[in-house]
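Comments concern the structure below.
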Amino acid sequence: MKTEGQSRIFVTILLLVPALLVFVGLFVAPLSLFLVESFWKATLFRVVPAFSGVNYIKVYTDYRDVLGRTLMIGLSVATITTVFAFFFSYAVRFVLKRSGEIVLLIALMTMFGGYLVKIYSWRTILGLDGILNSALLASGLISQPLEILLFNRGALIVALTHYLLPLAILPIYGAMRNIDATTISAARDLGAGWWQALRDIVLPQVLSGALASFAMVFLLSTGDYVTPAMVGSPGDAMFGNFIQAQFGLRMNTPMGSAMSFSLIASCVAILVLIGGIARRTLQPR
Amino acid sequence: MRNLTKMNDGNDLSAVLENLSRRNLLKGAGAAALLAAVGAGLPGKALADTLAHVSFVGWEGYDAGFHIGDFLKKNNAAIDTTYINTTEDIITKLRSGGMGTVDLTNFSQMYVALMGQSGLLAPIEADKLKNFSQLMPFFQTLEGMEADGKRYGVPFTFSSCPLIYNPKMVSSPPTSWKDFLKPEYKGKVALFSDVMTNVVVWAPVATGTRTPTLLTPAELKETIDLLIKLKKEHVRAMPASLGDGADLLIRGEAAMIMGWEPMVLWCKAKGVTVEIAKPVEGTWAFIDTFNIANNAPNHDLDLTFIDQAISLDAQLKFGNDNFLGVVNAQAAKQMSPEVQKLYNFANLDEYFAQAHIYPRMFPAESDGVHVTYEEMLDGYERFLKA
């Protein structure tokens, strides 16, 4: 005879089964296959099972610079986006009061705009005949359109930040909603400055949300290869472009897999390091 | 079931309602939903199974001719399409379990013989295509369609990678690809973001070779060095797509671009006039073909589909809709004037004297003299990393 507890466990397992099937079937299984394949080798248009670590060695000899550049761009975008998202959430939660909800809604609505629409909108803003150049020309501040606004790393970081900002806002704002505003007021009444209250009360309490935002933006931007082609410099190909070439152009799935796992491993290592430093630095006081 | 039995036995309805807890209701609803889903799928499957499914792995738009009139209905067939981004996508698809399920593919002419030899394609019996004799003679005898005496491709369309420029942004019409390197166009030119196009167009410029798919290591190095110089010192952008390239011309971001004939009409539609230059080095032409994959499930029907693709009606629709060159002689005569102007159908020898057809790919294996396909890709990666 089944007890109430056993039934509950059974139902819980039953409820988890669809998600587990999807997770195992569409994530774990293909990823495991690629992990195994990353130790194989490819000849022209064929994959040959032959266990070797040469693909991983090649990643760090042939693609080290591209990997480093990609991680740096990802870190830049993640840092800027998380800082913007933090101050935006702070303003919505503690400064704007009721109108904050509307501002938040507007910010989140930009998620419905679509990825390519956002990138093309930045080309419309930053291009030679774009809104920014037109405004500067009209105001007499410049006599020739500025070429430096588009097709460089700055434009890439701006476009990625704009695209990923709404995603970064959600976890931070969610964490900030749980902060009792009176604790900040109390700290200020007891003599803490704005920065001290922020550092000792707000930041430790939103740390998990901020790290989640940072991680999400970092992973999405390091894995991106479309935005650099649309607004980036011709010389700023990202690691993803080379992974894509391995899978598509060269049909070298073992090398593409090794590159993908190297990127994942590098990202995880960086996130663990940053998370550790942040948790050690931002202790509640 | 148990509850219904009780009801039929005349027992109290309240007992049934007691058993109808939320949990039981959810269980019942779940089972009903499952049955409905399975049931809904059955009639569709049963209907679809009466049709022969022809699987097409090729370029978007190349299947347009199959949807003309009642062609599919008449052949009791349906077309399942998988659009590609690069020719290599077809090889990936065939190599990763596609053999035996894929019917039709679109290799460009330089791949056809190699793919036939590699066992990825099945021979095509051209004598079974009633429209094959309607092709312009140039395409009936096109090199590179055969391997070991067997035909593996039927020409379907052609175009090239011309030097396109905006007359309002240049001091005089360009006469060489080397004009990209002129100081006055620094930051005003755009390259293709395609490996083959970049290499085969710029190798003749860098080395003077007439066979850019047969390069020595030194020639490849010269070519890549020139491309790196272009990218670092002159190129404004490397557009992600052909439409993106046209956008650069339309917005005035680029004065000259490695382009594609349809861009001229795309720009015209946006009110921007651009012209095609004739650089002394010429450019690269690509002729896309229809092929039948090895072990295709519907070989005979595939021949009917290819015959349809090169028919007058299909070629007219395809060429006029996409602003691309056609191979059917009658269709060429009836194309819109603007497409006629782009492709010079009346004098194809002249067109292909400027836009060169390279009938062979880079060697798959080393011959000790020329770089292989893999080595060429390694060189191109050096360009991308720089």
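Protein chains get the first letters and strands the later ones, always in sequence-line order, with residue 1 at the start of each. These figures come from a predicted structure and were not determined experimentally.
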Checklist entry - Salt-bridged, A/D62 to B/K385, with N to O below 4.0 Å? => result no

Checklist entry - Could you walk me through whether B/R95 and A/M251 pass the side-chain contact (heavy atoms from CB on, under 4.5 Å) check? => result CA-CA 9 Å; B/R95 282 284 183 219; A/M251 284 142 282; 5.9 Å; no

Next on the checklist: Testing the basics here: between A/A229 and B/D244, what is the closest heavy-atom pair and its distance to 0.1 Å?
Outcome noted: O-OD2, 4.4 Å

Next on the checklist: Taking side chain as everything from C-beta outward and backbone as N, CA, C, O, which of these in B/D194 sits under 4.5 Å from a heavy atom of chain A? Side chain, backbone, both or neither.
Outcome noted: neither

Checklist entry - Taking everything shown except B/K221 itself, do over 12 heavy atoms lie less than 6.0 Å from its NZ? => result no

Next on the checklist: Is B/S193 close to chain A through its backbone or its side chain, or both, or neither, when contacts mean heavy atoms under 4.5 Å?
Outcome noted: neither

Item to check | Choice from A/G232, A/G130, A/G235 maximising heavy atom contacts with chain B below 4.5 Å | outcome: A/G235

Item to check | Among B/T87, B/L191, B/D247, B/T86, residue most engaged with chain A (heavy-atom pairs, under 4.5 Å) | outcome: B/D247

Checklist entry - Measuring from B/D89:CG to A/F247:CZ, what's the distance to the nearest 0.5 Å? => result 13.0 Å

Item to check | Least distance between heavy atoms, A/L128 atom then B/G252 atom | outcome: CD1-O, 3.5 Å

Next on the checklist: Can you tell me which portion of B/A386 sits under 4.5 Å from chain A's heavy atoms? Options are side chain, backbone, both or neither.
Outcome noted: backbone

Checklist entry - Could you give the distance from CG (B/N85) to CD (A/Q244), rounded to the nearest 0.5 Å? => result 8.0 Å

Next on the checklist: Taking CD in B/E184 as the centre, count heavy atoms belonging to other residues, nucleotides or ligands within less than 6.0 Å. Is the count above 12?
Outcome noted: yes

Checklist entry - Any salt bridge between B/K186 and A/E147, counting N to O under 4.0 Å? => result no

Next on the checklist: If you count heavy atoms of other groups shown closer than 6.0 angstrom to OH of A/Y56, is the number above 12?
Outcome noted: yes

Checklist entry - Does a salt bridge link B/E253 with A/R123, judged by any charged N lying under 4.0 Å from a carboxylate O? => result no

Checklist outcome for this item: Honestly, the part of A/T124 sitting under 4.5 Å from a heavy atom of chain B is both

Next on the checklist: Just verifying a value: how many Å separate B/R251 CZ and A/L150 CG, rounded to the nearest 0.5 Å?
Outcome noted: 9.0 Å

Next on the checklist: Does A/Y225 have more than 12 heavy atoms from other residues, nucleotides or ligands lying within 6.0 Å of its OH?
Outcome noted: no

Checklist entry - Checking B/K188 against chain A: side chain, backbone, both or neither under 4.5 Å from a heavy atom? => result side chain

Next on the checklist: If I take atom CE from residue A/M230 and atom CE from residue B/M238, how far apart are they, to the nearest 0.5 angstrom?
Outcome noted: 14.0 Å

Item to check | Over all atoms of both residues, closest heavy-atom pair of B/A237 and A/P234 | outcome: CA-CG, 3.8 Å

